[in-house]
Amino acid sequence: MSPQYTTMALLDELNQVQRQAVEYTDGPSMIIAGAGSGKTRVITYKIAHLLEKGANPFSIMALTFTNKAAREMRERVEKLIGNTEARSVWLGTFHSIFARILRQEAEHLGFTKHFTIYDTDDSKSLMRNILRSQELSDKIYKVNTILGRISSAKTNLISHIEYNNNQDLLQVDYQAGRPKTGLIYTLYQESLKKANAMDFDDLLFNTNILFRDFPEVLYKYQKIFKYVLVDEYQDTNYAQYLIVKKLAAHNENITVVGDDAQSIYAFRGANIQNILNIERDYPDLKTFKLEQNYRSTQNIVNVANSIIEKNKNQFRKKIWTENGEGDKVVLFNTTTDNEEGNMVARHIFDVVNKERVTHDKIAILYRTNAQSRALEEALRRLNIPYKIFGGMSFYKRKEIKDLLAYFRLVINPLDQEALLRVINLPKRGIGATSLDKLKIFADQNGISLWDAMSKRIREAGLPGPTAIKIFEFTQMIEALRIEVEKKDAFEMATEIGKASGLMQMLYQERNDDEGIMRFENVEELLNGIQDFCLTELGEEEEPTLKTLPVFMEDIALYTDADDKDKQDGEFVSLMTIHAAKGLEFPYVFIVGLEENLFPSIMAINSREELEEERRLFYVALTRGEKKVFLSFARMRYKYGSAMSSEPSRFLMELNADFIQDDSGLITEPADEPLIDFEPNKKVWSNKPARRPITNPDKSRLKKMEEIAKSEPTSSGNQSADYKDIVPGAVVQHQRFGKGKVLSVEGLGADAKAVVFFNNFGNKTLILRFARLDIL
DNA sequence: GTATTATCTAAGTCT
DNA sequence: TAGATAATAC
């Protein structure tokens with residue numbers, strides 16, 4: 001370990017306030033960090049500074065909200081001080097760090113260390129089962145509503161027992177026509193316990209229980225963690241607040257970093273109050289305010305400030321910058337959402353060609369994931385490389401979840417959701433009727449479904465052949481189970497794939513394009529597991545066996561945004577504004593600025609909700625470094641039918657001085673009469689005073705079209721593109737990356753190509769689905 | 001028990 | 001539109 005920097009040199013890279021914040025290491029502090037003010041820089045330098053002062057890396061806990069932020073932070077600390085020490089810092093998301101602690105201490109709470117973490121789909125499926133067993137209508141007891149209610153109870157540390165004793169809560173449920181919500185909460189928690197499983201909220205809830213009921217355990221961790229740092233503090237909920245408070249109570253070396261103006265997770269229980277709480281908890285709290293923005297141009301900062309000023313609830317502060325004035329923020333509009341996509345694509349085409357920037361400098365941000373489709377199609381038409389974050393990720397695919405469910409079951413046979421998912425996959429003749437009987441039998445005897453199947457199947461009253469099939473299934477799982485700690489993850493995974501018959505089934509189903517994709521996806525998962533087993537082995541630490549449970553712990557809280565393959569390469573990034581928090585891009589497009597979309601229709605009924613939407617807009621704007629584009633469409637497809645839309649109220653709040661208004665919405669009123677795209681629909685009916693010009697800048701538009709058309713590869717329909725896929729061509733695949741075409745068989749969209757990818761070897765791809773881009 | 005077809009309905013952001 | 005569930009036929 002040889003520090004590359006001395007402490008002094010390290011601190012010289014900070015401005016005065018940043019430096020003070022970093023140097024204040026003994027005692028509680030809060031850093032209010034405006035957008036782009038070097039927040040991550042301060043946290044990483046503080047960790048590095050602590051290490052240089054001789055702190056044990058194991059004594060530092062740094063909590064973030066996303067794995068991505070955690071990884072980025074770790075990399076930056078490694079760069080500052082050399083990596084061996086940085087690797088030992090407890091740096092991760094709230095959920096992953098406390099899942100780790102919960103596994104270590106699981107037996108205190110009546111779980112095993114191999115408990116399963118249920119994702120949202122598992123929770124929903126479990127909830128549906130409970131509603132069915134209670135014969136409650138899922139029309140009245142909406143799965144999402146009930147789960148939302150349970151979730152908010154848990155984040156406020158209200159157990160199901162307390163819930164059922166709380167007259168206020170019961171009253172609310174009663175008046176909402178859902179008097180059995182409390183009972184359902186109890187049944188839900190009991191099911192989780194029986195399944196040796198926790199949902200996302202339980203990870204925080206149970207950590208609180210652990211620290212509350214086992215003071216000696218709490219004390220142990222209080223002594224270990226001398227320094228606790230929390231990123232994005234404005235987005236913590238009560239459960240998180242209390243964990244942090246308890247952990248830090250012994251040493252009081254707590255650093256929280258946040259910005260109330262960027263609080264966008266109130267819907268998930270985040271509580272701004274936590275900022276006030278911490279001031280109350282630590283009367284000698286030292287506060288640092290970072291207000292200088294190093295990221296954006298003056299125009300962008302000014303526009304962002306003009307928006308956030310409209311919020312009543314905020315700690316007054318204003319970010320400022322010494323950066324240049326820059327271009328004005330561009331506002332344009334289009335007739336439809338598809339046209340919006342086209343316009344964005346053309347603007348990107350223009351920016352790339354004129355400003356000579358690469359595609360990875362550009363992001364398109366939207367309010368909802370559903371908006372990505374129109375954008376995606378438009379980008380593809382102009383051959384603009386892009387990557388979508390969020391939405392359907394690799395780990396959400398059916399075939400992947402199926403195999404993972406087998407893994408889960410082998411690790412934790414009590415995992416009922418996994419069991420139900422795979423018991424009849426491939427088909428074993430175990431249908432719904434048998435399972436219903438078994439569930440009733442298990443409930444009556446107070447045992448788990450797994451125990452009913454594996455231990456008392458004779459008593460369940462099933463037809464002989466069915467009982468035998470079920471018993472054989474449990475025997476197969478048990479046999480695999482014996483080996484799960486002895487073999488490495490890859491060996492185990494392939495064995496499970498084989499023994500279950502799943503691989504064979506998928507192999508046989510490769511008769512259409514989707515079948516081939518499914519098989520390839522599973523292959524990719526197995527390759528990934530192999531990589532997992534190979535990496536980190538042979539390093540200086542003692543080589544531990546990378547077992548399947550270790551792999552599963554690693555990916556349990558993995559999300560699409562963490563995908564390492566997606567980090568690099570020259571691609572336009574598409575994501576929700578929520579996902580963009582903490583990121584920055586030179587060019588940012590914020591699309592769909594329409595009423596009922598942004599602000600969301602769900603959030604226009606109270607000032608609090610509306611202010612959160614406004615903060616969201618503020619977050620979006622402040623992602624931009626050089627230039628920001630805003631757009632809205634006058635018509636948008638929703639559930640297949642066209643709906644007219646009005647421009648967002650937020651657009652009227654923009655300070656026009658810093659806007660280049662191509663839409664005519666906020667500057668000059670239109671002189672031409674309003675032209676409706678559909679004569680019978682009144683589009684702007686509610687906004688008589690401010691009428692928009694109907695069309696965007698036509699001359700510009702036409703020119704863009706010419707540029708687009710002059711490009712040989714972007715001249716229109718997809719079939720033209722297929723012609724370019726010939727042996728020898730270098731292509732780009734969304735997941736496999738760069739590759740070389742070896743051979744092509746067939747014609748047009750249905751043709752199959754064999755492509756060699758550097759990282760994945762030879763793949764046979766159907767052109768229609770492969771979406772290959774010519775490089 | 002399984003495969004196919006018809007019907008219904010969803011509002012959103014994330015670990 | 002699309003995905004999930006219910007109904008129907010085999």
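Just so you know, these numbers use all the heavy atoms, side chains as well, and skip hydrogens, waters and symmetry mates. Chain naming here is simple, since letters A, B, ... match the order of the sequence lines and numbering starts at 1 in each.
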Sugar-phosphate only, base, or nothing, as touched by [X] at under 4.0 Å among non-hydrogen atoms:
{"X": "A/Asn424", "result": "sugar-phosphate"}
{"X": "A/Lys142", "result": "sugar-phosphate"}
{"X": "A/Phe94", "result": "nothing"}
{"X": "A/Arg373", "result": "sugar-phosphate"}
{"X": "A/Ser600", "result": "base"}
{"X": "A/Lys139", "result": "sugar-phosphate"}
{"X": "A/Gln371", "result": "nothing"}
{"X": "A/Arg128", "result": "sugar-phosphate"}
{"X": "A/Ser641", "result": "nothing"}
{"X": "A/Phe65", "result": "sugar-phosphate"}

Measure [atom1]/[X] against [atom2]/[N] and give the value in whole Å, please.
{"X": "A/Arg636", "N": "B/dG12", "atom1": "CZ", "atom2": "P", "result": "13 Å"}
{"X": "A/Tyr366", "N": "B/dC14", "atom1": "OH", "atom2": "P", "result": "9 Å"}
{"X": "A/Lys638", "N": "C/dT1", "atom1": "NZ", "atom2": "C1'", "result": "13 Å"}
{"X": "A/Glu609", "N": "B/dA11", "atom1": "CD", "atom2": "P", "result": "16 Å"}
{"X": "A/Asp235", "N": "B/dT15", "atom1": "CG", "atom2": "C1'", "result": "12 Å"}
{"X": "A/Arg421", "N": "C/dA4", "atom1": "CZ", "atom2": "C1'", "result": "14 Å"}
{"X": "A/Phe389", "N": "B/dC14", "atom1": "CZ", "atom2": "C1'", "result": "16 Å"}
{"X": "A/Ile430", "N": "B/dG1", "atom1": "CD1", "atom2": "P", "result": "9 Å"}

Name the closest nucleotide to the [X] side chain, picking from [options].
{"X": "A/Thr120", "options": "B/dG1, B/dT15, B/dC14", "result": "B/dT15"}
{"X": "A/Thr66", "options": "B/dT15, B/dT13, B/dT2", "result": "B/dT15"}
{"X": "A/Asn369", "options": "B/dC14, B/dA11, B/dG1", "result": "B/dC14"}
{"X": "A/Ala579", "options": "B/dC14, B/dA3, B/dA11", "result": "B/dC14"}

- prompt: Between A/Ser645 (side chain) and A/Glu595 (backbone), is there a donor-acceptor pair under 3.5 Å?
  reply: no
message: So does A/Ser600 get a backbone contact from the side chain of A/Glu613, meaning a donor-acceptor N/O pair under 3.5 Å?
response: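 Pair found, side chain donor or acceptor close to backbone of A/Ser600.
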message: With a 4.0 Å cutoff (strictly under), does any side-chain N or O of A/Thr576 reach OP1 or OP2 of B/dG12?
response: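 No, because none of the side-chain N or O atoms of A/Thr576 sits under 4.0 Å from OP1 or OP2 of B/dG12.
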message: Check this one for me: any side-chain N or O of A/Asn237 less than 4.0 Å away from OP1 or OP2 of B/dT15?
response: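 So the side chain of A/Asn237 is outside the cut-off, no N or O lying under 4.0 Å from OP1 or OP2 of B/dT15.
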- prompt: Step by step, would you call A/Glu376 with A/Tyr386 a side-chain hydrogen bond (donor to acceptor under 3.5 Å, both in side chains)?
  reply: CA-CA 8 Å; A/Glu376 198 180 350; A/Tyr386 64 90; 3.2 Å; yes
query: Where each residue is assigned the nucleotide of DNA chain B containing its nearest heavy atom, which of A/Arg367 and A/Phe200 is assigned the position nearer the 5′ end?
result: A/Arg367
- request: Starting from the 5' end of DNA chain B, give me the residue, A/Thr433 or A/Tyr639, whose nearest nucleotide shows up first.
  value: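 In this pair, the answer is A/Thr433.
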message: I want to know whether A/Phe267 and A/His578 have ring centres closer than 6.0 Å.
response: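 Yes; A/His578 has its ring centre under 6.0 Å from that of A/Phe267.
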message: Salt bridge or not between A/Lys469 and A/Glu472? Use side-chain N to carboxylate O under 4.0 Å.
response: no
task: Let me know which of A/Thr576, A/Thr622, A/Asp235 forms a side-chain hydrogen bond (donor to acceptor under 3.5 Å, both in side chains) with A/Lys581.
output: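 The option that passes is A/Asp235.
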B/dT13 versus C/dA4 - spacing of their P atoms, nearest Å: 16 Å
task: Please work out which of the three classes, parallel, tilted or perpendicular, describes the rings of A/Phe211 and A/Phe98, given edges at 30° and 60°.
output: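 Because their plane-to-plane angle is over 60°, the rings of A/Phe98 and A/Phe211 count as perpendicular.
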